Amino acid sequence: QESSSASMAFKMLQRRSAAAATAADGLCAMPRSSAGLMRSSVSQFQSLCSPVSRPAPLGCRRELASHVIAQASAVAAPAATGTGGLKIDLRGKRVFIAGVADDQGFGWAIAKAMAEAGAEISLGVWVPALNIFETSFRRGKFDESRKLSNGSLMEFTHIFPMDAVFDTMEDVPADIATNKRYAGNTEWTVSEVATRVGKEIGKIDVVVHSLANGPEVTKPLLETSRKGYLAAMSASSYSFVSLLQRFGPLMNPGGAVINLTYIAGDKVIPGYGGGMSSAKAALESDTKVLAYEAGRKYKIRVNSISAGPLGSRAAKAIGFIDDMIRYSYENAPIQKELAASEVGNAAAFLVSPLASAITGQVVYVDNGLSIMGIAIDSKTLERTSA
């Protein structure tokens, strides 16, 4: 009778955990970590129920079976909660996002998604845009965009002035240092902001690079000046390297870094000029190298999101963003416009423990446009009737 009850218990265990399998003597042939837990539970209960030399009473064996099943369930689904489902949980995580200037772009969407997951958000805002941003924030112009699913408004722990083109004040030319748009602000170079973050926030868990600028972006590469080309590389690519140099030492092990790229770094996008395609290619290459170097040195992960076209204020500077949105709609496998929130959600996943084995990757969030080899709306594909 005891043997029959134990057999039924372990059959229940098999059904509760896909990893479980019947083994000799009624033990579970599960993955090593789970098997160890099962053996530990068996040993504990045998010692409590009866001497080793005697079989345990039926009641105790039933209790043992229930306990083992509960332990197996916990092993098989460690992320399950009382409400059910696998959830992104960033509670207690401190996030620094460089490059938010309004409530329309990807940076804002990433901040909101991570706030929804419980993270504390701090921003680095481009110095010339800081006054307008803070004024709009105080006057409630962003309140609708700040609404979270629980009805509360997204808050920012700190808002720092920042210009990621300059590492130290020694790098700042006189015309910038004396520019009225920078007046009244101090400690806004990358190294100075990192120092302030270390003092005012302490250790952080996530860094997001949402920065790009190409003063000659509307020029073909053949017409781009050296100055314009290097400016695009500095603002859009090297700024990411600089961020990791200064913020890496502030990050907790297990932290994550994200940057935003564009398909022009891998494919030819006529009109995306001024060295910006080169800057995105460099950014993607640097993502891989820094994933290795920062992974070994700081035990953090580094990934890139290649987002599809979005009609943000910053993207309007390209001049043909509306055309790209229409092109994506007509040719992507998923025929819809990309929402900034979809990029935000992908970023929240990539910095969460759910993506703990993902690093050095360029993740496309573009409705699948990047996989297409031809434009299916091309007139050259139209067949004329005989």
Side-chain angles (χ1 to χ4, degrees), residues 96-108 111 121-139 141-142 156-201 207-219 223-247 259-260 272-276 278-280 282-283 312-319 321:
F96 178 81
I97 303 178
V100 176
D102 55 39
D103 64 341
Q104 300 300 310
F106 291 130
W108 180 278
I121 312 296
S122 294
L123 304 179
V125 178
W126 187 45
V127 183
L130 179 63
N131 184 53
I132 295 176
F133 180 85
E134 290 187 319
T135 300
S136 298
F137 188 85
R138 288 195 304 269
R139 293 180 178 177
K141 292 185 177 181
F142 297 153
F156 301 122
T157 307
H158 294 80
I159 300 177
F160 300 99
M162 186 176 193
D163 193 329
V165 169
F166 307 107
D167 296 332
T168 67
M169 282 304 297
E170 288 71 24
D171 301 323
V172 181
D175 63 322
I176 295 293
T178 58
N179 191 300
K180 63 180 182 180
R181 296 196 298 171
Y182 287 75
N185 292 289
T186 59
E187 300 179 309
W188 42 261
T189 64
V190 178
S191 60
E192 290 173 311
V193 175
T195 298
R196 287 190 61 184
V197 168
K199 290 179 179 178
E200 299 177 33
I201 300 178
V207 172
V208 178
H209 176 278
S210 181
L211 299 164
N213 183 48
E216 299 181 15
V217 66
T218 58
K219 290 184 179 181
E223 300 174 13
T224 300
S225 69
R226 181 183 296 271
K227 181 179 180 181
Y229 185 96
L230 294 178
M233 294 291 288
S234 175
S236 310
S237 181
Y238 185 77
S239 58
F240 183 63
V241 179
S242 180
L243 275 180
L244 255 69
Q245 288 177 352
R246 275 80 182 183
F247 283 78
N259 66 55
L260 292 169
Y272 193 75
M276 280 302 301
S278 306
K280 292 302 186 182
L283 182 65
S312 64
R313 186 173 294 115
K316 295 290 185 181
I318 300 173
I321 187 64

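What you see is a predicted model; the values in this text were computed from it and never measured. Counting from 1, the numbers follow the sequence of the chain as shown. Computation of the quantities below employed the complete heavy-atom set of this structure, encompassing side-chain atoms and omitting hydrogens, waters and symmetry-equivalent molecules.
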*Asks:* Please give me the minimum heavy-atom distance between Glu200 and His158, naming the atom from each residue.
*Replies:*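 What the structure gives for the nearest pair is OE1-CD2, 3.4 Å.
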*Asks:* Starting from the C-alpha separation in whole Å, work towards a yes-or-no answer on side chain to side chain contact (heavy atoms under 4.5 Å, CB included) for Phe247 and Val193.
*Replies:* CA-CA 9 Å; Phe247 283 78; Val193 175; 4.1 Å; yes
*Asks:* Which heavy atom in Pro161 sits nearest to a heavy atom in Asn185, and how many Å separate them?
*Replies:*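 It is CB-OD1, 4.0 Å.
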*Asks:* For the residue pair Thr195 / Glu187, report whether a side-chain donor-acceptor contact shorter than 3.5 Å exists.
*Replies:*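 No - no donor-acceptor pair under 3.5 Å links their side chains.
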*Asks:* Between Phe160 and Phe96, how do the two ring planes meet: parallel, tilted or perpendicular, split at 30° and 60°?
*Replies:*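 Phe160 and Phe96: tilted rings.
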*Asks:* Can you measure from OG (Ser234) to NZ (Lys227) and round to the nearest 0.5 angstrom?
*Replies:*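 Atom-to-atom, Ser234:OG and Lys227:NZ are 12.5 Å apart.
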*Asks:* To the nearest 0.5 Å, tell me how far Asn259 CG sits from Phe240 CZ.
*Replies:*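 Spacing of CG (Asn259) from CZ (Phe240) equals 4.5 Å.
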*Asks:* Output the distance between atom OG (Ser237) and atom CG (Leu211), rounded to the nearest 0.5 Å.
*Replies:*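 The distance works out to 11.5 Å.
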*Asks:* If you measure from CD1 on Ile121 to OG1 on Thr157, what distance do you get to the nearest 0.5 Å?
*Replies:*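 Here the interatomic distance stands at 7.5 Å.
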*Asks:* Determine whether Asp167 and Tyr238 make a side-chain contact, defined as any pair of heavy atoms from C-beta on separated by less than 4.5 Å.
*Replies:*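 The answer is yes; the side chains approach within 4.5 Å.
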*Asks:* Quick one: are Ile159 and Leu130 in side-chain contact, heavy atoms under 4.5 Å?
*Replies:*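 With C-beta onward as the side chain, the pair touches.
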*Asks:* To the nearest 0.5 angstrom, please state how far the CE atom of Met233 sits from the NZ atom of Lys280.
*Replies:*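 One gets 11.5 Å once the value is rounded to the nearest 0.5 Å.
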*Asks:* Any sub-3.5 Å donor-acceptor pair from Ser236's side-chain atoms to Asn213's backbone N or O?
*Replies:*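 Looks like yes, one N/O pair under 3.5 Å.
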*Asks:* Look at atom CD1 of Ile132 and say whether more than 12 heavy atoms of other residues, nucleotides or ligands are closer to it than 6.0 Å.
*Replies:*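 Check fails, neighbour count at 12 or below.
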*Asks:* Using every non-hydrogen atom in the two residues, find where Met276 and Ala232 come nearest and quote the distance to one decimal.
*Replies:*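 Scanning both residues completely, I find the closest heavy atoms to be SD-CB, 3.9 Å.
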*Asks:* If you define the side chain from C-beta out and look only at heavy atoms, does anything of Phe156 sit under 4.5 Å from Ser122?
*Replies:*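 Answer no - side chains too far apart.
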*Asks:* What are the two closest heavy atoms between Ser239 and His209, and how far apart are they?
*Replies:*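 Distance-wise, the nearest heavy atoms are OG-NE2, 2.7 Å.
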*Asks:* Main chain of Ala174, side chain of Thr178: is a donor-acceptor contact present, judged purely on distance under 3.5 Å?
*Replies:*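 Checking the backbone N and O of Ala174 against the side chain of Thr178, a donor-acceptor pair under 3.5 Å is found.
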*Asks:* Does some side-chain heavy atom of Val100 sit less than 4.5 Å from a side-chain heavy atom of Phe133?
*Replies:*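 With C-beta onward as the side chain, the pair touches.
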*Asks:* Got Leu243 and Met162 here, is their nearest side-chain heavy-atom distance under 4.5 Å?
*Replies:*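 The answer is yes, as the side chains (C-beta and beyond) meet within the 4.5 Å cut-off.
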*Asks:* Are any non-hydrogen side-chain atoms of Glu192 and Thr168 less than 4.5 angstrom apart?
*Replies:*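 Side chain of Glu192 against side chain of Thr168, heavy atoms only: no contact under 4.5 Å found.
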*Asks:* Relative to the ring of Phe166, is the ring of Trp188 parallel (under 30°), tilted (30 to 60°) or perpendicular (over 60°)?
*Replies:*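 Judged by the thresholds at 30° and 60°, the geometry between Trp188 and Phe166 is perpendicular.
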*Asks:* May I ask you to check whether Ser242 and Arg246 show a side-chain donor-acceptor distance below 3.5 Å?
*Replies:*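 Looking only at side-chain atoms, Arg246 and Ser242 do form a donor-acceptor pair, the distance falling under 3.5 Å.
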*Asks:* Rounded to the nearest 0.5 Å, how far apart are CG of Asp171 and CG of Asp163?
*Replies:*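 Separation between the atoms: 11.0 Å.
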